[in-house]
Every structure is written in C-alpha cells, then in structure tokens.
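Single-structure report; data block below.
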Amino acid sequence: MNFSNTQKLQPLSMKDRIYIKHWLELKPKNYSSPTDFYYLKIANTIYSEIKNYEPMLSTVLKKNEQIEFSCFITCYFEDIISKASIWHTFKTLYYQFYKKKLPFFDIDEDYIDDEINYEDVTFLIGYYMNTLQTNKFISPYNNFIKQLAYTIMNIFEEEYEYAPENHKLKKIYQFNGNFDEFYEVRTFMRTIFFDTFLLKIDIHKQLNNIIIDILDTNKEESFDTIELIIREAEEEFTHKRTSKLLALNAKDWVKAIIGKTHKHYSDIDNISKKVLGVFLYKKQNAKTVFVEHIASGMPFEITKKSLEHHQDFNKDDIVHIGLVRYRNEWWFSGSLAKQPFDADLILDKKNSREDRAKVNFLQDQKKLRNSLKKQELAFLKFNHNSHLVFINGNKINDFLSNFYAYYNNSLKLTPDQIENYDKRTKKDGYLKTNKKQIDLFYSDEDEEKVVMFFNPNSGIEMYHDITNAFPDEQNPFFTGEDVEEVKSMLMNPFYSVELVNYFMKNYKDKLSLFKKEPYKSYLKDLDFLLRFWKQDNYKAEIHITHIDEK
C-alpha cells in the first residue's frame with residue numbers, strides 16, 4: 001500500500017544525520033544489538049523525509065527533537081517486527097479501560113493487530129509531540145499529523161518484509177530474574193518504566209530533567225549527598241510517578257507486561273506504595289528489624305534481607321529510611337541514615353501532617369471512605385444538594401465552621417470527639433487550594449472569588465481562578481463563558497478529575513466550546529485525555545480526618 005508521493009530528498013550530509021548515539025538514547029543502559037544499524041538507517045530515512053514538512057515542522061519540533069522523533073517512531077516499527085510487545089501492552093491496557101483499540105480513531109477492517117498501522121503511527125506522532133509540550137496541546141486530528149503519518153507509513157511499508165527481529169531487545173523486556181528478590185523486581189520495573197521507547201520520552205525525560213536540576217542546585221554538596229538525592233528521585237519515579245499514557249505507574253506496566261496468568265502477577269500487584277519517613281528503632285531478631293513510624297506510631301517490621309548493616313542500630317536510634325512492602329515483607333528501598341535519639345525531632349514529626357499522611361494508605365480504607373461518604377451527604381444537605389459553592393474568600397472560614405458544626409451534629413458525637421475532630425481537621429489542613437500553602441483558610445480581608453467543590457473521592461477542594469467556567473444560576477461571579485478558564489480546568493494537573501467530570505456532566509451543554517472542534521470530538525476520549533493531562537493527579541487521595549464514632 002502506497003501512502004504518499006513525497007518528493008525524495010538528497011542524502012543527508014554527515015553533519016545533518018542521526019548517529020548510533022542518538023538511536024541508543026531510546027534504549028536501555030549497556031544495550032547493543034546487531035540490528036541497530038539497520039533500524040538506524042530507517043530512522044535516517046524518516047529524518048530526511050519529514051524535512052518536506054518545513055517550515056511547519058520546525059514550529060513543533062526543534063532539530064534535536066526531530067532526531068529523537070525519527071528514532072522514536074522507528075522504535076515502534078522495531079517493536080512490531082521484533083514482537084517486543086511494548087506497543088501491544090499499551091493497546092491491551094487501553095482496551096481493558098475503554099473496550100476499543102485506540103483513542104481518536106474509528107478502527108475499520110484494514111487495521112491489523114500486531115502489525116504496523118496508519119492509525120498507530122498517527123497516534124504516536126501526536127503522543128510524542130504533546131509529551132514535549134508544556135503550554136499547549138496539539139490536536140490529534142491535526143492534518144499536519146495525518147500527512148506526516150502517511151509519509152512515515154510509506155517508509156515502513158517498503159521495509160516491512162525485510163526488517164530483522166531484534167531478539168535481544170525482546171529478551172530485555174521479559175523478566176528473567178528471581179521473583180524472591182525485591183531488588184531484581186525493582187530493576188525490572190525501572191527497565192520497563194524508564195527504558196522502553198514508549199515511556200522513555202515521558203518518564204525518563206522528566207527524571208533526567210530533575211537530575212539536571214539536582215546537579216545544578218547542589219554544586220556545593222558532597223558527591224555522596226548528591227548521589228543520595230538522585231537515588232531518592234529515582235525511587236519517587238519508580239514507586240510514585242505515573243505515565244502520561246493511561247496514568248499508570250511502574251508496577252502497573254510490569255503487571256501488563258507479564259500478564260494476569262503469570263504465577264507471580266499477584267506479587268507485583270501487591271507491591272505497596274513507598275513509605276519514606278522517620279522511624280524509631282526498637283529491636284531486632286534473626287530475621288527482622290522492628291521500627292516505629294514516629295509521626296503515626298505505626299509499627300514496621302523490616303526484613304534483614306534488605307539491611308546489610310542492621311547490627312549498627314542501637315535502641316531508640318532515629319532512622320530515616322524508605323520502605324516498600326513486597327510479598328508481605330517490608331524492604332529497605334532508597335536511602336538510609338540514622339542519628340541518636342532527639343526528643344525535639346520526635347515532637348516535630350508527631351505534629352507533622354505531611355509525615356502522618358505518608359502512611360495513610362495503610363489505614364483502614366473502608367473506614368476512611370465511610371467517613372468521607374457521611375461527610376459528602378452532610379455537605380449536600382447543608383449546601384442545597386450541590387457539590388459546589390461559589391463564595392468570597394473572606395466568607396470561607398464561616399462557611400466551613402458552620403458546615404463542620406452541622407456535620408458533627410449529624411454524627412451525634414460527644415463533646416470530646418468534636419473537640420478532637422476540630423483540632424485534627426484544623427491541624428491537618430485537609431483542603432486543596434492553589435494559593436500558597438501557608439494558611440489553611442483565606443483571610444477575612446480576602447475578597448478572592450472562590451469555587452469550593454466537595455470531591456466524593458477526597459474531600460473539600462478550593463479553586464480561585466475558574467469562576468467564569470461555571471454558567472450556574474447559583475454562581476454570582478459568572479459574567480460570561482471564559483474559554484481559557486475551561487481549558488485550564490481540563491488540562492492543568494491541579495484541577496481534580498472529579499471536578500472536571502462534575503463540570504462536564506452539569507455544564508458542558510451550556511458552553512459553546514464543546515460545540516466546536518476539536519473539543520467536540522475530545523468528549524468521546526475525555527477520560528483518556530484527562531489521564532494524559534493530569535498524569536500523577538488522576539487518582540484522588542482521601543483528604544479527610546477519620547472520626548472514631550461511638
């Protein structure tokens with residue numbers, strides 16, 4: 001199938017071509033394969049052909065990005081030929097979520113699974129370009145992207161019957177280690193999350209930028225200190241950060257790679273979030289080191305398999321350590337430092353909301369969700385059956401004070417329980433606000449126009465810059481549709497997914513934006529786009545204090 005009739009360019013000059021070092025930047029560390037130069041040749045052909053799209057191309061991609069893109073899209077071709085299954089894994093995950101093969105396309109009978117497809121290439125062009133963007137979003141329906149896909153697909157069609165399989169790459173993306181060893185599993189998680197072509201332009205690039213910042217801002221620090229900071233950054237990406245594609249973390253991608261039928265699937269599935277905190281050393285036996293999380297008082301048992309210098313601990317030492325639970329054992333993961341007992345530090349940690357929050361996921365989630373549901377029902381009754389409040393900043397304190405009094409009364413709490421709850425709520429500050437995180441509430445002098453939203457999955461949120469997005473009769477601040485405020489709510493990671501979904505359900509038909517392209521077409525793939533735009537904030541965490549009721 002001939003996809004284009006683009007004019008052939010003259011061969012690239014030696015200075016304006018892709019070299020093997022460029023190709024290897026999208027590969028795992030210490031990797032090489034006999035097939036690399038074959039695929040490098042294809043990448044250079046693409047690099048040459050896409051220059052037909054100047055000057056438009058340069059407005060979207062800088063020269064170094066054009067080089068990387070040519071390698072990136074060639075990696076897709078290599079992945080299909082070699083059956084390395086990275087692209088297949090994404091499509092499998094996408095189908096599990098949405099019961100269709102790809103976003104943005106109506107797939108017809110010409111689409112063949114596990115072969116090269118025009119729709120795949122078109123999607124990947126848009127994905128690559130938008131992963132680079134920070135201030136704008138390029139429509140996946142853009143004609144420029146479609147034409148570029150035709151050109152690239154034509155090159156792939158010509159090479160399809162002759163392209164060699166890269167057996168080494170396929171083997172790297174299959175776990176051949178020991179599932180008993182958490183560190184081997186963690187290494188594989190990083191390989192999939194950091195070193196596959198599909199995620200490297202997203203996750204690995206973000207990590208590299210952070211490492212560059214660390215090196216730039218810590219020039220006066222020792223090598224060991226800088227190494228420790230970088231290690232913690234890698235740990236955060238491994239255990240906390242999520243991909244723009246489907247808002248999934250490293251273990252989610254590994255689960256998809258090995259498949260649900262794998263005998264160790266549940267081991268990967270049950271890997272905990274990482275706890276990075278300050279602990280008090282208590283004791284140890286032949287297999288276990290016992291510590292207590294200072295902020296919460298929660299006990300932890302660390303397997304000695306992960307602690308080489310456990311004999312150096314003394315009773316009541318303060319231990320700064322990262323922990324991950326794997327196969328029902330807590331493993332040291334990241335960095336470790338210890339210091340003698342310090343009463344002032346312990347008091348600070350016990351009074352720290354941030355430190356207590358680090359183990360929230362280990363608490364009884366059912367109880368937390370029950371408390372959250374009761375608070376939501378009370379909020380709706382208190383607020384005329386609406387999740388939204390449009391309010392001046394100087395009235396927020398009174399509103400919240402009255403609401404919590406109403407909520408406490410609805411629970412029929414004892415005076416002691418009410419006092420305890422009030423203290424914990426104010427101290428913990430479970431409110432989301434995009435002002436400086438200094439004061440819990442707006443000041444009495446603040447006349448900022450605020451949208452307050454009760455998020456059913458987390459609790460009360462407050463936003464001060466989107467009042468003209470809501471054409472609501474109860475919104476006294478609405479002066480007319482503000483398209484930029486609506487776009488910001490959709491694309492800015494700060495605004496919760498639940499807020500956007502509530503907004504779309506109740507207001508989209510009242511706004512002109514969603515009657516026009518491309519936003520009209522975005523509606524059918526909105527959840528996928530929200531995962532892409534909001535990435536690490538797609539999944540809400542509960543931000544309320546659980547009340548121990550009678």
Side-chain angles (χ1 to χ4, degrees), residues 3-4 50 53 55-61 65 69 72-73 76 90-91 94-95 97-108 111 117-153 198 201-202 243-247 466 468-471 480-497 499-535 537-538:
F3 282 90
S4 70
I50 64 176
Y53 292 89
M56 178 63 182
L57 184 67
S58 294
T59 66
V60 182
L61 300 177
E65 293 167 345
F69 167 74
F72 167 79
I73 203 67
Y76 154 78
F90 163 70
K91 290 203 303 179
Y94 181 82
Y95 187 82
F97 283 122
Y98 303 110
K99 304 307 176 191
K100 60 178 186 173
K101 293 188 176 182
L102 281 177
F104 315 125
F105 295 100
D106 295 321
I107 303 298
D108 59 25
Y111 187 95
N117 291 281
Y118 166 75
E119 293 86 353
D120 295 349
V121 174
T122 306
F123 171 81
L124 286 168
I125 294 172
Y127 163 61
Y128 179 86
M129 290 180 176
N130 282 306
T131 299
L132 300 184
Q133 308 301 318
T134 56
N135 299 316
K136 61 182 177 179
F137 183 75
I138 300 171
S139 170
Y141 305 106
N142 191 298
N143 285 329
F144 167 67
I145 291 177
K146 294 178 181 179
Q147 291 301 313
L148 195 58
Y150 279 123
T151 297
I152 293 169
M153 194 64 186
L198 195 60
I201 62 166
D202 171 21
S243 58
K244 284 184 176 295
L245 288 179
L246 301 175
I466 51 171
N468 272 316
F470 294 85
E481 178 179 347
D482 189 318
V483 170
E484 293 306 313
E485 287 187 10
V486 176
K487 289 181 181 179
S488 179
M489 183 169 28
L490 291 174
M491 298 182 190
N492 190 320
F494 175 76
Y495 303 101
S496 69
V497 172
L499 175 70
V500 173
N501 287 334
Y502 184 91
F503 169 82
M504 297 299 292
K505 179 180 178 180
N506 292 280
Y507 303 104
K508 71 176 176 62
D509 293 336
K510 300 178 181 180
L511 299 172
S512 63
L513 179 65
F514 300 105
K515 295 180 174 65
K516 299 180 293 188
E517 296 295 351
Y519 286 86
K520 183 179 179 180
S521 293
Y522 287 170
L523 295 177
K524 63 182 179 180
D525 295 296
L526 182 61
D527 187 71
F528 174 80
L529 287 168
L530 291 178
R531 288 173 183 268
F532 185 90
W533 288 327
K534 300 186 184 291
Q535 195 171 358
N537 295 323
Y538 178 81

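Only this structure's heavy atoms are used, side chains among them; waters, hydrogens and symmetry mates stay out.
Y127 places no side-chain N or O within 3.5 Å of a backbone atom of K244 that could act as its donor or acceptor partner. Although no hydrogens or angles enter the test, the distance criterion places no donor-acceptor pair under 3.5 Å between the side chain of K534 and the main chain of V497. Between the side chain of Y53 and the main chain of Q147, a donor-acceptor pair closer than 3.5 Å is present. Panel note: side chain D482, backbone E484; a donor-acceptor pair is recorded below 3.5 Å. Side-chain N or O atoms of N492 include none that pairs as donor or acceptor with a backbone N or O of S488 at under 3.5 Å. Not one N or O on the side chain of Q535 forms a donor-acceptor pair closer than 3.5 Å with the backbone of R531.
Taken to the nearest 0.5 Å, the OH atom of Y502 stands 12.0 Å off from the OG atom of S496. For the atom pair CD1 (I73) and OH (Y128), the distance works out to 10.5 Å, reported to the nearest 0.5 Å. From F503, atom CZ reaches atom CG of L490 across 7.0 Å, with rounding to the nearest 0.5 Å. For the atom pair OG1 of T151 and NZ of K146, the computed distance is 14.5 Å after rounding to the nearest 0.5 Å. Distance check, rounded to the nearest 0.5 Å: CG of L526 to CG of N501 gives 6.5 Å. For the atom pair L246 CG and F528 CZ, the distance stands at 6.0 Å (nearest 0.5 Å).
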Go through the steps for M491 and V500 under the test side chain to side chain contact (heavy atoms under 4.5 Å, CB included), then give the verdict. CA-CA 10 Å; M491 298 182 190; V500 173; over 6 Å; no

For the pair L132 and L61, evaluate side chain to side chain contact (heavy atoms under 4.5 Å, CB included) and give the outcome as yes or no after the intermediate values. CA-CA 9 Å; L132 300 184; L61 300 177; 3.6 Å; yes

One pair to check against side chain to side chain contact (heavy atoms under 4.5 Å, CB included): V121 and L148. What are the steps and the verdict? CA-CA 9 Å; V121 174; L148 195 58; over 6 Å; no

How far apart are the C-alpha atoms of K101 and D120, what are their side-chain angles, what is the distance that settles it, and do they pass the salt bridge (charged side-chain N to carboxylate O under 4.0 Å, His left out) test? CA-CA 10 Å; K101 293 188 176 182; D120 295 349; over 6 Å; no

Worked check of side chain to side chain contact (heavy atoms under 4.5 Å, CB included) between F144 and L57: CA-CA 9 Å; F144 167 67; L57 184 67; 3.9 Å; yes

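Under the 4.5 Å side-chain criterion, counting only non-hydrogen atoms from C-beta, V486 is not in contact with I466. With a 4.5 Å cut-off on side-chain heavy atoms, P471 and L511 count as touching. Within the 4.5 Å cutoff, side-chain heavy atoms of F532 are placed close to those of T131.
Here W533 and F137 bring their ring centres to under 6.0 angstrom of each other. The ring of Y118 has its center no closer than 6.0 angstrom to the ring center of F105. Y98 and Y94 have their aromatic ring centers within a separation under 6.0 angstrom.
Here the closest heavy-atom approach between residue V60 and residue E65 is recorded as O-OE1, 4.0 Å. Shown here for L245 and F123, the closest heavy-atom pair between the two residues is CD2-CZ, 3.9 Å. Nearest heavy-atom pair across N130 and K136 is OD1-O, 4.3 Å. Considering every non-hydrogen atom in both M56 and T59, the closest pair reads O-OG1, 2.5 Å. Contact between E485 and N468 at its shortest, heavy atoms only, is OE1-N, 2.9 Å.
For the residue pair Y111/D106, the side-chain donor-acceptor check at 3.5 Å is not satisfied. Residues Y495 and N537 bring no donor and acceptor atom of their side chains to less than 3.5 Å of each other. Side-chain contact, T122 with Y150: no donor N or O sits under 3.5 Å from an acceptor N or O. For the residue pair E481/S512, the side-chain donor-acceptor check at 3.5 Å is satisfied.
A cation-pi arrangement, defined by a distance under 6.0 Å to the six-membered ring centre and an angle within 45 degrees of its axis, is absent between K508 and F514.
By the neighbour-count criterion of 12 heavy atoms within 6.0 Å, atom NZ of K520 is sparsely surrounded, having that number or fewer from other residues, nucleotides or ligands. No more than 12 heavy atoms of other residues, nucleotides or ligands lie within 6.0 Å of NZ in K505, so this atom counts as exposed by the packing criterion.
Using a 30° and 60° split on the angle between ring planes, Y522 and Y141 fall in the parallel class, below 30°.
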